[in-house]
Amino acid sequence: MTDSAAGGVTDLTGLYREYGDSRLPPGQRKTDRFPVLSKGETPAWDANSFAFEVWGAVDEPLSFSLAEFRDLPAVTQRQDFHCVTGWSKFDCTFTGVEFAEIAERARLDDGVEHVLFHALDGYTTNLSLDECTEPGMLFAYGYDGGDLPADHGGPIRAVTPHKYAYKGAKWVSGVEFCTEKELGYWEKRGYSDTANPWNEERYS
Ligand SMILES: Nc1nc2c(c(=O)[nH]1)N[C@H]1C(S)=C(S)[C@@H](COP(=O)(O)O)O[C@H]1N2
Ligand SMILES: [Mo]
């Protein structure tokens with residue numbers, strides 16, 4: 001896997017090799033734009049009252065203001081982005097907090113195996129805990145050297161370069177650690193729970 005840090009940017013665009021042979025997953029076409037794909041409107045939020053919360057089967061429920069979240073140790077990564085509707089955007093540069101950083105602080109109960117992400121627009125998506133600790137799983141607030149635009153999920157979104165992008169909640173406001181699996185918005189509506197782009201796991 002290519003994982004070289006140049007100028008503080010870790011290159012994760014070689015991550016596909018762990019899952020398949022082609023950087024462009026089967027059935028995808030490359031776009032140079034960054035389309036916006038949301039189930040509804042971009043939700044309104046207030047930088048002064050926004051909270052990123054962590055709850056569920058944890059010893060230490062957490063709540064971060066935007067300023068507190070931006071004070072956490074952060075990384076910048078170059079990643080590819082694959083939407084299940086068929087477009088892929090290569091070389092997105094995201095800055096944010098690694099999933100593991102949050103999980104460690106929350107001190108998970110022994111039985112935690114699943115994670116449900118909650119978003120300001122009512123969207124949810126689920127992953128197993130193991131899938132969340134894969135490299136590239138970030139809570140991103142920066143994109144291409146600036147703030148993550150609101151349409152793309154600012155103030156904070158999850159990014160999941162090893163999965164179709166519906167696994168990455170935009171406007172993420174809550175991370176719930178669970179002992180049992182609960183399906184998210186698209187997973188309940190027939191999209192794949194595992195969502196591996198190189199195996200073309202689009203539908204369940
Ligand atoms: N909260 C929320 N997150 C979401 C969605 C959404 O509708 N609401 N759409 C998902 C889908 S299907 C994709 S492809 C990506 C799109 O991200 P983009 O708009 O930045 O391209 O966000 C994902 N996360
Ligand atoms: Mo998507």
Side-chain angles (χ1 to χ4, degrees), residues 12-13 15-16 24-47 50-55 66 69 76-97 99 102 115-127 131-132 134 136-176 182-204:
L12 282 189
T13 61
L15 173 152
Y16 70 90
L24 187 67
Q28 295 290 106
R29 76 202 131 66
K30 201 168 160 291
T31 175
D32 291 325
R33 299 185 310 120
F34 192 0
V36 169
L37 215 145
S38 310
K39 71 174 178 64
E41 304 281 293
T42 294
W45 47 274
D46 173 0
F50 178 86
F52 179 99
E53 307 205 293
V54 181
W55 71 89
L66 214 40
F69 196 84
T76 297
Q77 297 181 345
R78 187 156 46 248
Q79 310 189 340
D80 295 344
F81 191 102
H82 311 291
C83 173
V84 71
T85 63
W87 53 267
S88 291
K89 176 165 171 56
F90 287 178
D91 299 316
C92 303
T93 305
F94 290 110
T95 298
V97 178
F99 179 90
I102 298 296
V115 184
L116 188 64
F117 298 85
H118 299 261
L120 294 179
D121 60 342
Y123 188 83
T124 54
T125 184
N126 66 287
L127 285 169
E131 291 168 319
C132 290
E134 294 287 329
M137 176 87 217
L138 303 182
F139 296 108
Y141 51 76
Y143 176 71
D144 251 359
D147 285 348
L148 179 69
D151 284 354
H152 286 299
I156 303 175
R157 77 170 301 159
V159 287
T160 58
H162 55 323
K163 300 288 179 185
Y164 287 120
Y166 62 88
K167 290 289 185 178
K170 304 200 282 189
W171 315 296
V172 61
S173 55
V175 183
E176 181 180 1
E182 192 177 323
L183 294 177
Y185 181 88
W186 284 122
E187 293 86 350
K188 276 185 194 154
R189 288 165 176 77
Y191 283 91
S192 168
D193 184 20
T194 49
N196 180 315
W198 295 279
N199 295 338
E200 231 181 328
E201 295 163 358
R202 294 179 200 270
Y203 309 105
S204 58

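Side chains are part of it too, since the values below use all heavy atoms of this structure and drop only hydrogens, waters and symmetry mates. Counting starts at 1 for both ligands and their atoms, in listed order.
The 4.0 Å heavy-atom shell around ligand 1 contains residues F34, P35, V36, L37, S38, K39, F81, C83, W87, A119, D121, Y123, D151, H152, R157, A165, Y166, G168, A169, K170, W171, ordered by chain and number.
By the ring-ring contact (aromatic ring centres under 6.0 Å, His included) test, F117 pairs with no residue at all, sequence neighbours left out.
Note on ring orientation: taking the six-membered ring where Trp is involved, the planes of W87 and F81 are parallel (angle under 30°, cut-offs 30° and 60°). Ring orientation note: the planes of Y143 and H152 are tilted relative to one another, at an angle of 30° to 60°.
Under 4.0 Å is where a charged nitrogen must lie from a carboxylate oxygen, and between K167 and D193 at least one such pair does.
Between L66 and I156 the shortest side-chain heavy-atom distance falls below 4.5 Å.
Aromatic pair Y164/Y191: ring centres not closer than 6.0 Å.
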